[in-house]
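This report concerns only the one structure given below.
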Amino acid sequence: MDYTPQELDRKWQGRWAESRAFETEVDPSRPKFYCLEMFAYPSGHAHMGHVRNYSMGDVLARMKRMRGFNVLHPFGWDAFGLPAENAAIKHGVHPETSTRGNIAHMKGQLQRLGISYAWDRELATCDAEYYTWNQWLFIRMFERGLAYRRRSSVNWCGSCNTVLANEQVVDGGCWRCGTPVETRDLEQWFFRITAYADELLEETRALTKWPDKVLTMQRNWIGRSEGARIAFALAHDRAVPIDVFTTRVDTIYGATLVVIAPEHPLVARLADESPDPAAFRAEVQAFRLQDKAARMSGEVEKQGFDTGACVVNPFTGESIPVWVANFVLGEYGTGAVMAVPAHDQRDFEFATRYGLPIRRVIQPDADGDAHVEATGPLTEAFVDDGVLAASGPFTGLASEAARAAMTQHAATQGFGEGTIQFRLKDWGISRQRYWGTPIPMIYCERDGIVPVPDDQLPVELPAVTHFTGRGDSPLAQLREFVDVPCPTCGGPARRETDTMDTFVDSSWYFYRFADPRNARQPFDPAVVKYWLPVDFYVGGVEHAILHLIYSRFFARVFRDLGLVDHSEPFTQLLTQGMVLKDGAVMSKSKGNVVDPDQMLQKYGADALRLYVLFVAPPEGEIEWTDTGLEGSFRFLARTWRFVDHWCDRLVAADAGAAAGIEGLTEGERALRRKTHDTIRRVTADIEQRQQFNTAIAAMMELVNDLYAFGDATVTGAPGRRHEGALADERPQAIAVVAEAVDALVRLLSPFAPHMAEEIWERLGHAGGLSAATWPSFDEAVARADSLVIPVQVNGKLRGRLTVPAGTPEAELERLALADPAVQPHLAGRTIRKVVVASGRMVSVVVQ
RNA sequence: GCCGGGGUGGCGAAACUGGCAGACGCACGGGACUUAAAAUCCCGGGAUCCGCAAGGGUCGUGUGGGUUCGAUUCCCACCCCCGGCACCA
C-alpha cells in the first residue's frame, strides 16, 4: 500500500473532528497541562512562522496527552486591529466582513495542518461576548485607580487629523501622507502598569523556565534606577521648585545649570516671563517638531537655550541658570535634570558647545583610573565614582557614602528624598480608531467621568459603513453613539469615542480559554484555578516585551481583584525563531513567500510539520529549502514502507513479547537496545529540552537500524531485502521488530500524527493514538552490554578496546597497555601516569 | 556604548556532566535494480600528506594565550555576526 499523505490527512482530520478528540473538561482526578501557542492576528493567510509555532505546541500537547495529562490546547483570534480598518478605508470592505472571512480561511489552513486544538473553545476578540469583559475589567481598573485619564503628548499628523502610533511614524512623517509628525497633547486613557513596576521586575527571577534573553529584555524595559529627587527653587519665586531626578546626587556641587525638557510644565510660564516670549516659544516648538525617535535615540545634536531664569542649588545656595534643551526627555523622571558637565558625558558635550562652566567635584580614588589627571582641562566627563572634592561638608566622602549622606541631608532639610525611577511608563491605551473595544466611559457636565453601568455592558461597536480615515475616531462622528444620558443624573452626556489598544485584548485571552462561554463573568475562578497558569507557551520573540509584560500585569490585576491566585500566567516560555527564505523574512514585497497550502498539497501535513521542526532547534531561525522538506517526506515514506512490508506479521505479533524472549541474537539485542534508547532520547528531547530536531534525528536512526536489521535477518543479502526469504524469519526477530515499530509509531505520533494514526490502525489497534500511552523504556535494555573504550597516549587517540560493560578500571588499564595498536606508542618510553575514566576513556601519559 | 545569544564539513546541524568532533538530514559521488530513467535499496565522504593497497602520519570546532592526562565544552584577551536596549539624568 502506498503512502498517500493527502488522503490520510483528510481521513484523520475528519475522524478527530467527529470524535471531538481534543475537546476537554475540568477533571480534578488527572494532572492538567495547559499548552498554548500565541493566538493569531487574522491577516488572511497562515505563513510558515505559524506552521512552525503551532507544530511545536502540538508536539507538546499530543505527547502530554499520551503521558496521561488532561491537556488544554485551545486556539483563537486576535481579531481587532488597524490593518482591517485600513483595508476598509482603502477598499471599502467593512472590518467585520474581512476579519470574519480571514478567520474562516485561516482556520481551514490550521485544520489542514492537523493541530490538535480544542476548537469548541475558539474565540475572537472582536466578539462582543469577549470584548464586553475588556470593558468590565476596564471599569474595575478605573474603580481602583488603575485606569485613569490624563493629557499626554502623542504623535499627531496635521493632515490626516489623527493620532499615530509610534510604529506608524516613518522617518518622522506620517506613514500615509508623509506630513511631518508633531507631538500634541491629548487626553488619553492610561493603565497604571507602573504601580506594578517593582513587582514585575523583581519577579522575573521566578521565571526560571523563560529564556534569559526575554527576561533581560523585560528588565531593561522596566529599567529601575535608584537616585534622588531634589528641588531647585526658582530664584525669583522661591515657592516654585524645579524637581530634578539624579542618580548622582554626589556630584551636585558640580551642577552648573538645570536643564528642562521642552515639554516641561514650567516652560509656558518661563516663556511668558522672558523678554521675548514669541522667540522663546518658537525655539521650544522647534524642538518639539524634531523627530521624536531621533531625539530619543540621541541622533539629533544637543541644542538648548537659556531661559533667563535661575534656580537655587539647595546644597550650595548658589544661583544657576535654567536652560531648555532637546536632550532632556519630558517623559522620564521629572523632565528636568541638574547638569554636571564634569561628571556626565551629555552635560559635558552640552556645556562645551555653549561655553558653560565645568566644575570638578569628584576625584578618582586611589584604586581608580590612575591615568585620569586630577587637574587640568577635561576632554571628556569623568563618570566613575570617586572621592568628593569641593563639596562643602561632604568633601572627602566616597561617592557611594556621599549619595547616602546627601540624600539624607536633602530629606532632613525638606528639599528632596531618595527615590526609585522606572523607565517603564504607564500604558496609554486610547486609540482614535473604530476597530477595537469601545472604552466604556461617559462624560457628563455635571457628574464628570462616569463608567457605563455593568448591566449596560457591552458597549457594542455600532455599525459604521463609511471609513474615510480622516477626522477623529469614526465613532465620534456618530451622533446616536455619542449622545447618551448620564447614568448618574440622566442628563445629557457623551460617550468616550476612543477604542482600546488591541494589546488589551491579548493580555488575558488565555484565561478566557479556560471558560470561553461564560456569560456572567470573564471566567469562573474555580475553572481558571484548575487550568492556569499556562504550562507551556510558544510564540515569537517579537512579543518578548509588549504582550508578555502586559499579560504579567493583567495577571496581577486579576489577582488583586481576587479572581486568580497566581501572579505569573506563563510557567514556561519558548520563543521560536523566524522562518527565512533566501536569508530574509518571507514577505510579499520580497516575493519569497512559501505558501503552506501548496506544501500541504504536495507533501502532506506530516512532512511539513516534521520539516519545520527538524531543520534547526526551535529558538533558532530556519532557512526554508524545498529539498529539506523533501527529505522529511522521504523519511516518512521510508518509515511507511518498512511498516507496510512487515505489517501482516506485526499485526499477529505481541509488541510486549520481546521483553520476555530468551535466546536473542546479538543483532536482535542491538535492535532492542536501540529501541529503548530511542524512547529515552525522544522523551527527554521533547519534555525536558524541547529539542525537536534531535528527537527526530533519533527516530531516523531507529528507522535506519530497522532497515539494517531487515537486511540481516530477512534476506541476509544487502540490496535485495524485500524479496522472498521470509522463511528465514525467526519469531524472535519479529518480536523485536514489533517492539521497535510499536515504540516508533507512538514516538512519531506528536510529529506526524496522520501517518502515525494510520499505521496504528493498520497494526490492529482501535481507539486512536490520542488514547494510546507514551512508551516507556527499560534502562537495563537501553544500556549497552559491551562498550568501545578509546585509548589515548599523550592526548592522541591510538587504539580502541571492546570490553563488556562494567569492566573494572584496573582491567581496562591492563588491556589498554597491552593493546597492539597502543603498544608501539609506548615502546621505549616511561609511563608516567594512566587515567581511566570508567566506561569512557583510558588516557596514558608517557615520556 | 550596555545587555543577551552565536561563530563547528559544500549546506542545516549534533556532541546532554571536560572524555572517540561532525550523529541526523540536505546536496554530491559510486553501486544494485531497470531496456532506460525516475523512485527505491546499499556504500562513500573534514582537510592534507605518505602508500598500488590494506593502512598510517599531521592538522582541524572564529583568533591568540591559559588550565588539564584530555577542551567545541572551563578561564583570560581579541575579532566577527545576529538580536535587544540606548541622550533614561
Side-chain angles (χ1 to χ4, degrees), chain A residues 211-221 223-225 227 244-248 251 259 294-302 325-329 331-340 344-347 349-350 421-425 541-542 544-545 577-578 611 614-617 619-623 625-632 634-635 637-638 641 681 684-685 688-689 691 693-701 703-704 707-708 710-711 717-723 788-797 799-800 832-837 839-846:
Chain A
D212 285 341
K213 177 184 182 172
V214 173
L215 294 177
T216 307
M217 284 164 71
Q218 293 215 349
R219 288 178 191 131
N220 289 343
W221 186 262
R224 183 183 198 269
S225 58
V244 305
F245 173 72
T246 179
T247 55
R248 291 299 304 274
T251 65
V259 191
R295 220 184 107 193
M296 288 182 64
S297 69
E299 284 158 28
V300 174
E301 231 181 325
K302 289 176 183 52
N326 60 349
F327 72 92
V328 177
L329 306 172
E331 310 96 275
Y332 184 77
T334 59
V337 300
M338 64 178 204
V340 185
D344 180 283
Q345 189 57 28
R346 290 158 304 187
D347 299 344
E349 288 167 26
F350 192 72
Q421 191 64 49
F422 292 95
R423 189 184 161 281
L424 181 72
K425 295 174 205 128
V541 73
E542 66 274 17
I545 296 181
M578 290 187 298
Y611 168 66
F614 176 62
V615 68
E619 310 237 333
E621 292 173 343
I622 61 176
E623 169 72 26
T625 59
D626 288 351
T627 51
L629 175 56
E630 276 169 38
S632 293
R634 273 203 290 270
F635 164 68
R638 182 169 155 87
R641 277 191 301 273
R681 285 170 64 188
D685 282 351
Q688 274 134 53
R689 305 202 306 156
Q691 293 274 320
N693 53 333
T694 49
I696 294 165
M699 291 186 281
M700 289 172 165
E701 286 183 43
V703 170
N704 289 345
Y707 269 81
D711 286 342
R720 300 298 299 268
R721 186 185 50 266
H722 287 180
E723 312 304 325
V788 177
I789 308 282
V791 181
Q792 290 183 351
V793 179
N794 285 355
K796 289 191 162 59
L797 180 70
R800 291 188 173 87
R832 316 264 318 181
K833 193 173 177 184
V834 181
V835 180
V836 182
R840 280 196 287 219
M841 163 79 66
V842 178
S843 184
V844 185
V845 188
V846 299

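Lettering follows sequence order; numbering is per chain, from 1.
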Please state whether the phosphate of [N], meaning OP1 or OP2, lies under 4.0 angstrom from any side-chain nitrogen or oxygen of [X].
{"X": "A:Tyr707", "N": "B:C41", "value": "yes"}
{"X": "A:Asn794", "N": "B:G70", "value": "no"}
{"X": "A:Arg219", "N": "B:C85", "value": "no"}
{"X": "A:Lys833", "N": "B:C69", "value": "yes"}
{"X": "A:Arg681", "N": "B:A23", "value": "no"}
{"X": "A:Arg638", "N": "B:C42", "value": "yes"}
{"X": "A:Arg346", "N": "B:A86", "value": "no"}
{"X": "A:Arg689", "N": "B:A15", "value": "yes"}

Check: Under a 4.0 Å N-O cut-off, is there an ion pair linking A:Glu701 with A:Arg681?
Finding: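 Looking at A:Glu701 and A:Arg681, the cut-off is met.
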
Next item on the list: Indicate yes or no: does A:Asp685 engage A:Arg689 in a salt bridge with an N to O separation below 4.0 Å.
Entry: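 Salt bridge present between A:Asp685 and A:Arg689.
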
Each nucleotide N or O in nucleotides 6-12 of chain B that has a protein N or O under 3.5 Å away: list the pair and distance.
residue : atom : partner  : partner atom : Å
B:G12   : O2'  : A:Val615 : O            : 2.6

Check: Using purine N1 to pyrimidine N3 plus N6-O4 or O6-N4 for Watson-Crick, or N1-O2 and O6-N3 for G-U wobble, each under 3.5 Å, what pairs with B:A27?
Finding: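 Base-paired to nothing in any strand shown.
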
Notebook entry, point to check: Watson-Crick or G-U wobble partner for B:U63, using a 3.5 Å limit on both distances?
Noted result: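 B:A77 - that is the nucleotide pairing with B:U63, both distances being under 3.5 Å.
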
Between [atom2] on [N] and [atom1] on [X], what's the gap in Å once rounded to a whole number?
{"X": "A:Asn704", "N": "B:G25", "atom1": "CG", "atom2": "C1'", "result": "10 Å"}
{"X": "A:Glu619", "N": "B:G83", "atom1": "CD", "atom2": "P", "result": "16 Å"}
{"X": "A:Asn220", "N": "B:C2", "atom1": "CG", "atom2": "P", "result": "13 Å"}

Margin query: Within this structure, what is the CZ-CG distance for the pair A:Arg346 and A:Asp344, rounded to the nearest 0.5 Å?
Written below: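 It is 4.0 Å, given to the nearest 0.5 Å.
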
Next item on the list: Answer yes if the side chains of A:Arg638 and A:Asn704 hold a donor-acceptor pair under 3.5 Å, and no otherwise.
Entry: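 Yes, side-chain donor-acceptor contact under 3.5 Å.
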
Notebook entry, point to check: To the side chain of A:Trp221, which of B:C24, B:C85, B:C20 is closest?
Noted result: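 Ranking B:C24, B:C85, B:C20 by closest atom to the A:Trp221 side chain puts B:C85 first.
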
Pick out the pairs of N or O atoms, protein on one side and nucleotides 55-64 of chain B on the other, that lie under 3.5 Å.
residue : atom : partner  : partner atom : Å
B:G57   : OP1  : A:Arg798 : NH1          : 3.0

